[in-house]
Amino acid sequence: MSANSPDDGGANEGAAGLNASRLARGKPRELRDATVIRFAGDSGDGIQLTGSQFAMESALAGSDVATYPDYPAEIRAPAGTTYGVSAFQVHFGSIDIRTSGDELDVLVAFNPAALKVNLQDLRIGGMVIVDESSFTDRNLKKADYESSPLDDNTLAPYQIIKLDVTRLTEEAVKEFGLSSKEARRSRNLWALGLMLWMYGRSRKATVEWLRQKFATKPEIADANIAALNAGHVFGETAEMPSDVVGYTVNAADVEPGLYRTVTGTDATAFGLVAGARAAGLGRIMFGSYPITPASPLLHAMAGLADYGVVTFQAEDEIAAICSAIGASYAGALGVTASSGAGVALKTEAAGLAVGAELPLIIVNAQRAGPSTGMPTKAEQADLLQALHGRHGDSPLVVIAGASPADCFDVAREAVRLATRYMTPVILMTDAYLMNAAEPWVIPDVEALPTFPVTFRTDPEGFHPFLRDPDTLARPWAIPGTPGLEHRIGGLERDYSTGNISYDAENHARMTEVRAVKIAEIAKDIPLQLPELGNDSGPLAVVGWGSTYGPIFQGVRRARDEGYDVAHIHLRYLSPFPRNLAELLGGYEKILVPEMNDGQLVSLLRSEYLIPGEPFTKVKGQPFKIAEIYEAIRFRMEK
Amino acid sequence: MSANSPDDGGANEGAAGLNASRLARGKPRELRDATVIRFAGDSGDGIQLTGSQFAMESALAGSDVATYPDYPAEIRAPAGTTYGVSAFQVHFGSIDIRTSGDELDVLVAFNPAALKVNLQDLRIGGMVIVDESSFTDRNLKKADYESSPLDDNTLAPYQIIKLDVTRLTEEAVKEFGLSSKEARRSRNLWALGLMLWMYGRSRKATVEWLRQKFATKPEIADANIAALNAGHVFGETAEMPSDVVGYTVNAADVEPGLYRTVTGTDATAFGLVAGARAAGLGRIMFGSYPITPASPLLHAMAGLADYGVVTFQAEDEIAAICSAIGASYAGALGVTASSGAGVALKTEAAGLAVGAELPLIIVNAQRAGPSTGMPTKAEQADLLQALHGRHGDSPLVVIAGASPADCFDVAREAVRLATRYMTPVILMTDAYLMNAAEPWVIPDVEALPTFPVTFRTDPEGFHPFLRDPDTLARPWAIPGTPGLEHRIGGLERDYSTGNISYDAENHARMTEVRAVKIAEIAKDIPLQLPELGNDSGPLAVVGWGSTYGPIFQGVRRARDEGYDVAHIHLRYLSPFPRNLAELLGGYEKILVPEMNDGQLVSLLRSEYLIPGEPFTKVKGQPFKIAEIYEAIRFRMEK
Amino acid sequence: MATATTDTPLKPAAFESDQEVRWCPGCGDYAILKGIQKTLAEVGAKTENTVFVSGIGCASRFPYYMSTYGFHTIHGRAPAFATGIKLANPELDVWVVSGDGDGLSIGGNHTLHALRRNVNLQICLFNNEIYGLTKGQYSPTSRQGTLSPSSPKGSVERPLSACSFALGVGARFVARTVDTMLKHLVPVLKRAYQHEGASFTEIFQNCIVFNDRAFSDFTDKSVAAERQVLVEHGKPLVFGKDNDKGLRIKPGTLHLEAVTLGQNGTTVDDLLVHNETDKALAQLLVAMEPPDMPVALGVIYCDPAPAYEAEVESRLEGASDGDIGELLRRGRTWEIGNR
Amino acid sequence: MATATTDTPLKPAAFESDQEVRWCPGCGDYAILKGIQKTLAEVGAKTENTVFVSGIGCASRFPYYMSTYGFHTIHGRAPAFATGIKLANPELDVWVVSGDGDGLSIGGNHTLHALRRNVNLQICLFNNEIYGLTKGQYSPTSRQGTLSPSSPKGSVERPLSACSFALGVGARFVARTVDTMLKHLVPVLKRAYQHEGASFTEIFQNCIVFNDRAFSDFTDKSVAAERQVLVEHGKPLVFGKDNDKGLRIKPGTLHLEAVTLGQNGTTVDDLLVHNETDKALAQLLVAMEPPDMPVALGVIYCDPAPAYEAEVESRLEGASDGDIGELLRRGRTWEIGNR
Ligand SMILES: Cc1ncc(C[n+]2csc(CCOP(=O)(O)OP(=O)(O)O)c2C)c(N)n1
Ligand SMILES: Cc1ncc(C[n+]2csc(CCOP(=O)(O)OP(=O)(O)O)c2C)c(N)n1
Ligand code: SF4
Ligand code: SF4
Ligand SMILES: [Mg+2]
Ligand SMILES: [Mg+2]
């Protein structure tokens, strides 16, 4: 196929490309189950777009995919610096993919800094593709390389492909008469074209996307498409080193359905609106104050006005949660989201929501602490804060998302529990979950179960702390309702009138009912089942939150090798599932991997007196599959 | 002795009174080990003064004493209302007294409301003294009594003494020509005089105090003294019901020394200044925002300017703790104090102090929660918040005072640990501890051990996170020191330079060193010993904080009756004493009484996997000795 | 303000709750309570559409004594709760009751941003220049040198002027009245109620227990007439027992001066006429202090602009029931069939 | 300000730290960094006596780039930390560096109270009318209608005027300057440094990435002269390319108007002379906005009063080493002998 007519390619163009290349290079493509590619360069190099497009083409070709973007901590660091490096990782394959991958099979580095920062993650024997022309003395210095890694034997352990991508791109776009600065901007598309060739992927979606994006500047679109095609052709023709072959990654055998990719951020936003709809609530009042990595959720919600979302960018996190509580008091679904320091500021008001027994959802996108810590890095160290980080005995619901797509279900569940039990719900996610993306079978929202709320309207026998005998929830009686005028607040309330009470017995009774109300929710949530393995045996690996992927894969690998190990993953942290004691009791050893100093394990030990063993990683990074696998082997062999 | 010359009374005037009364009434005084008296009336009735004076006279007579004031929740409720009742309880005796007492032996009620609210605490057969004249229909209605308890048999189970105290007082002060309104004001002194007679106490201190207080209004002083003496005479002469006798409470066999009474508030304030002095720190910067029951500590500190204390009444609790951290950064001792909601607001900044590793003392005067809860009532429900109520893994030191006087030692210890280990220390007290008072042997502060701090001055090899190999503390390098200019903050810091670092391994290392630094403090604190009982056996009752008194007495009572039970009381909650696992391991059962939903017990279970049993009381009131005792018996007999 | 309808207006008593009022006998809050109940009756407010939101403090006990909806929240945050309530249901009449500590110390920032955003709330600040509920510590409005449990040698801090603050942060309605001046308080609060957007009303309130007579220098019957100027839009700024004094621009300056009518020929026509839309005038009026100048009371500034929640609603462009299924399918999707 | 001594003053470079500056290329913060280093050199500040305290934000990264003491604290609280530092050691020169979000959104209340108390701090607010570090959401100073990730349909909120706010809460020194106007910025900051008590300086700062050219309407070379009035105490308020324009009191009002010299006989003598102690004038100056009026830059208000920490120290009356043993024995005590 010619570079000028890419559009004749199509869904099965990967196959076409495959034949083409066999003809061209006489070498057959090799088959791969799964591959991890990382694109890395300056923030200015369009790395994120390149990566997402590659992921998209892979998904369209039927692969299972997981991606993770790695933005620099600085807003826009000077070009060529190590701290300015932006990266995007794509893990795709014909098997099911649940993490963005342990080690890199291919690293595409647009400059020395990108190589410097990312090389450590490339597996021995992996492929590194660099743009020679960017390895100038100046750039080498910025990346503080004494000598060029292209000349010394830094890259000896790897398969290195040096290409003058810049020149090749410039040639490809010559005809469109762009400045060489503009031309350089297409480098990423040239490299994308090459990688799409290498994995036998179509360019169709990318071409469409470019046409759309540059609708107003067709010449830019054409130039970019030319660069894309040139990279592809470069692979097809014999210009590549002879030891380089193309690969075939077959379609994964995944659940049939209509797919899209979602980040944890998207999924949470979708889940919240779907949950409010299922509850029959016309409005979500999302009060928040920007903070990394929770801000994207504020941005996403701000785009959902047509779905009943009002966003309020408050002056601080305290005003944010208070506005959300006020909104719930007035009959909307009050939601607030934050991270680290911002969540700490919400603890006083969260206590009021517990005492006043109002629905509220607090999304905690955890990041590495303590204090400001490492704002862009993931951690799970706020679990104990979620459970105990308020003054007084103030029980509430805590649930956690396990994967980007899982956040949809968890967000809906948060709405159900908050409204059904008139309680705050803390929804735990983290920097990894919020930014990572994976394909998602779009659910038929109409078909999902609903859980309509009923606002109290009957004045007969009403008082604000009258309890539903089943749920122990108090009535949701909202301003505007004649005959239900009442006063609530943070002072202790009388069990049988709702008025202020300093009575000793009453306080004991109210403290107990608040605790029982939450504890009894265990009856209304699913029994805990292992994700993998038997419901008893020598070892269970117990996790929560974003460690799902690596634990699942690590346990699976161990099981494939014959180890009798189970994976148990908790969505419900407060209350715990009612059969958890029994389930955990069935294993000889309990191993609890967490991205913190051992928080869930301390809860399990205290709750069930089981000798759970912590396995902690506090590096602001997800576990690797291999780390989990090794931890299992080590414990089962000794 | 005549009412006009009270001053000839003296230290042994109690005895004199005793002879006098034997002569007068021909009835010998009965001996009592210990007695609990509560004075109760309107806030306007001078109840607090009456009670404290009685306590003082008892202490001066050599009794051991413990007192507890019970202020109304409202600032100044309308006269005669139940919610406007003010009370003051005095427990005194010749045995050692560690609580303000379970049940009342004597209730002095100045009006119906006072009777209504307090009668429930009077033991069957106890004595109730009322001012008849205040039992008007109006007052009875305010206290919502259908019929007068003086006429129906409400008081049948008790020994009731009806006196027209108002008239008797008016007569006594007639000669001074006060208005009957003013005269009425002396009712409390008349009653005090009577009680002082009943327990064979001197009036000397009270007379001196009145002369001093009304130095400028001698006629008021005279009137009050006359009322005081009249009450005393009334007891001595035959006017009392024949079944009423006087009592003798002998001096207690207490540690010799110079005594004063202290509340937990006083003791904490004294301990902080003594601690700063021992550390060689010239200034305490006490930043706080008023909140019940912590405000009195702010007031106390505001009075200690001459001892190096600067107080800053901040705009809120966040500014309060931030100002304290800033002060510590600049080389003073930063201290902040609050309660409930206010402590919740400090959690974000506390995390910064953990990350920046600066000395800081946070006093938490716990009150009943959640949210605003019951501001004047005591609770211990902030323990888990103290340990885990921050985002991220952020370990710090948590210690607790056990009795009013103990707060002096604990406050000094807080200063030692905060400065030696460059760490925040949370000092836990509660509404009971802060307000309760007990006699205290004034220590020779000069003789107490010192723990001088050394500010870093040597630029050689300096960086802000250089660690002392013994303590793992970083240097305290304060602005103004040439050559040590440096920058610190909340972002993760590089282990070996102190500069900002997002490095994965470094974060893991710093997280660990922060944890180890606190854990290793266990080497620098005393081994845990039982307060009572053996270091192994069938049952240990484990407590912390203000439950000390009732647990100690309850365990002692049980031991007196032959039960082999031990009392273990924890001052150190983080880290725990290094021998705690071993010690607790020595008992078959562990019972943990707490004024919360079971917080310490959850820590012990998680930490040591011991099946500690919670014994909770969440009523905003201290445990009664009998409650502890019964709980022990119940567990040891079944 | 919002949907007050006037069919069979309720009597003041209809706004009393069944709870016993528990302020100290003689507290200025009692008079304000009566005044607000009278105001609600006169504007024809409905109990079910009215919400009183407060923080913590003696003043903040207010909602318990009203028969409307009420939310006694946490210290200093009432304006944030109230904003959320308006964003959930703009139809409600929402009043914020706060104290000088609650609204200007811990809550200063929320008061600031509610005023800046112009959320349609009636913010009533009961200023007794002291922390009442916590037993008498000085507050951000206490005069310098105030003796209190936390300032035994007299407070050091300079007081904040509540109204200067409100004007400085962009409030579009600023008024001032006195607890005991029922005849003045009610009409002022009616104006506040009728004002679209955030209204800020400072009510001088006497704390008889911890700061008695804090305002007597201009509220005592004996001096009131000479020490108060009751401003009214369009009327000359006259004051004094015999209306013989007035305010005018000190010629050639940006300042006001008090003059006596008749004296060297000054007549009413020389006096400044109050213009409540003139912010510069408002700033000068709120800064006046006795003895040299009278204290300005009444609606000092009123210059309406669209309310925050109204503009938020307009941004929503109606549709709030969008098809979520369609939302999820939007953008790049792909079908995977059975294999 | 405090103990700057002038023996062998340091060069600006001496105030640079060894840390690589990591703002975006072209960020206005670079120019301010240079300006402050120059200021410190010129006033003869000492690195060991100087502390920079900041909150969180791009602006708040500032302390890392200075060779002085520095504390990068938490978001919005810098003034509270700085107050504690001054109360621990009044001798230190303490600067607060903050952004419009840090200092006016989450931190508004602390800025307010530090200014009200008049703590001797140099508060520099880098106003780029955007949240830079969190990637471009609108801030409390953003113009209405600002398009940002959190306001896809344009922001609804009315912006706060930093200087009106500062004047409203009782600041005694209020100044304004521009990141790129080094020759103006340095003298203004020197004044701020020399001012006893809290100084508030708003620095218009260009965020090239998220809010580029936010101030170009009055900072662009082409328009600067016509759109800026550089105020100087005692000098007439003149502006314009050819100094042919000026400000005067609109006769008979409390307002300012811009006039052109020469036109219907106006001369310099008709113009208002800047008086930095005149608060009313200051309030009018900070409220001026283009195109009708020029933006006022320079020391707009300066009317010193005793600094907070100085008055605190005076209350201490020296003695701080009182005999603690004596303290404990004070009041009622009694001796219990051996029995
Ligand atoms: C977070 C928090 N901090 C402090 C308090 C204690 N507190 C309650 S009311 C109050 C101040 C009351 O003063 P003001 O707002 O002027 O109201 P007033 O009692 O004078 O009417 C304080 C400090 C609290 N309840 N919550
Ligand atoms: C408690 C808390 N809330 C939110 C954040 C996230 N955050 C960091 S900086 C910032 C605002 C930055 O804007 P500005 O103060 O104007 O500084 P700039 O970056 O524009 O210089 C926010 C919201 C945080 N770090 N801490
Ligand atoms: S303390 Fe003061 S403000 Fe509070 S109720 Fe009593 S008088 Fe009123
Ligand atoms: S984001 Fe804006 S303010 Fe922040 S460094 Fe970049 S240009 Fe400067
Ligand atoms: Mg007040
Ligand atoms: Mg900004």
Side-chain angles (χ1 to χ4, degrees), chain A residues 73 83 318 339-341 343-345 347-348 351-352 354-356 366 368-377 379 381-382 384-385 387-395 489-492 502 504-505 507-508 511-512 514-515 596-597 599 602-603 605-607 609-611 617-621, chain B residues 73 83 318 339-341 343-345 347-348 351-352 354-356 366 368-377 379 381-382 384-385 387-395 489-492 502 504-505 507-508 511-512 514-515 596-597 599 602-603 605-607 609-611 617-621:
Chain A
Y83 55 87
I318 298 172
S339 182
V343 174
L345 287 170
T347 57
E348 183 206 0
L352 174 65
V354 169
Q366 298 169 95
S371 195
T372 313
M374 307 194 298
T376 57
K377 305 293 183 192
E379 199 159 271
D382 299 353
L384 291 176
Q385 179 203 38
L387 270 96
H388 302 305
R390 291 164 299 283
H391 63 282
D393 293 304
S394 59
L491 289 165
E492 186 60 283
Y502 296 120
E505 300 302 330
H507 178 55
T511 301
E512 189 189 355
R514 283 187 290 262
N596 62 41
D597 216 354
Q599 299 196 359
S602 74
L603 294 172
R605 289 167 61 94
S606 164
E607 204 51 40
L609 292 178
I610 51 156
K617 179 177 186 179
V618 201
K619 300 184 177 183
Q621 298 166 342
Chain B
Y83 55 86
I318 298 173
S339 182
V343 174
L345 287 171
T347 57
E348 183 206 0
L352 174 65
V354 169
Q366 298 169 98
S371 195
T372 313
M374 305 194 298
T376 56
K377 306 291 182 195
E379 200 160 271
D382 300 353
L384 291 176
Q385 179 202 37
L387 270 96
H388 303 306
R390 291 164 299 283
H391 63 283
D393 293 303
S394 59
L491 288 165
E492 186 59 282
Y502 296 119
E505 300 302 329
H507 178 54
T511 302
E512 189 189 357
R514 284 186 290 260
N596 62 40
D597 215 354
Q599 299 196 358
S602 74
L603 293 173
R605 289 167 60 94
S606 164
E607 198 62 33
L609 291 178
I610 51 158
K617 179 176 186 180
V618 200
K619 300 184 178 184
Q621 299 165 341

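The sequence lines fix the lettering, A, B, ..., with proteins before strands; numbering per chain opens at 1.
Heavy-atom pairs under 4.5 Å with chain B were tallied for A:Leu609, A:Val343, A:Asp382; the largest tally goes to A:Leu609. In terms of heavy-atom pairs under 4.5 angstrom with chain B, the leader among A:Arg514, A:Gln366, A:Met374, A:Glu492 is A:Met374. Per-residue heavy-atom pair counts under 4.5 Å with chain A were compared for B:Ala344, B:Gly389, B:Gly369, B:Ser606, and the maximum is reached by B:Ser606. Listed options A:Gly355, A:Ser602, A:Ala515, A:Ser394 were ranked by heavy-atom pairs under 4.5 angstrom with chain B; first place goes to A:Ser602.
The shortest non-hydrogen separation linking B:Pro375 to A:Leu491 is CD-CD2, 3.7 Å. Closest approach of A:Gly373 and B:Tyr502 over heavy atoms only: O-CE2, 4.4 Å. Annotation for A:Gly490 and B:Ser371: closest pair CA-OG, 3.6 Å, computed over non-hydrogen atoms.
Side-chain contact between A:Glu379 and B:His507 is present, with heavy atoms from C-beta onward closer than 4.5 Å. Residues A:Lys619 and B:Glu505 have side chains in contact (heavy-atom distance under 4.5 Å, counting atoms from C-beta outward).
A donor-acceptor pair under 3.5 Å is formed between the side chain of A:Asp393 and the backbone N or O of B:Asp597. B:His391 contributes no side-chain N or O that, together with a main-chain N or O of A:Pro370, makes up a donor-acceptor pair within less than 3.5 Å.
Contacts between B:Leu387 and chain A at a heavy-atom distance below 4.5 Å are absent for every atom of the residue. Both the backbone and the side chain of B:Pro611 come within less than 4.5 Å of a heavy atom of chain A. Using a 4.5 Å cut-off between heavy atoms, B:Gln599 contacts chain A through its side chain alone, with no backbone atom that close. In this structure, chain A has heavy atoms under 4.5 Å from both the backbone and the side chain of B:Ala341.
Taking CD of B:Glu348 as the start and OG1 of A:Thr372 as the end, the distance is 7.5 Å to the nearest 0.5 Å. Distance check: B:Leu345 CG to A:Thr347 OG1 gives 7.0 Å after rounding to the nearest 0.5 Å.
Within a 6.0 Å sphere centred on CD of A:Glu512, other residues, nucleotides and ligands contribute 12 heavy atoms or fewer.
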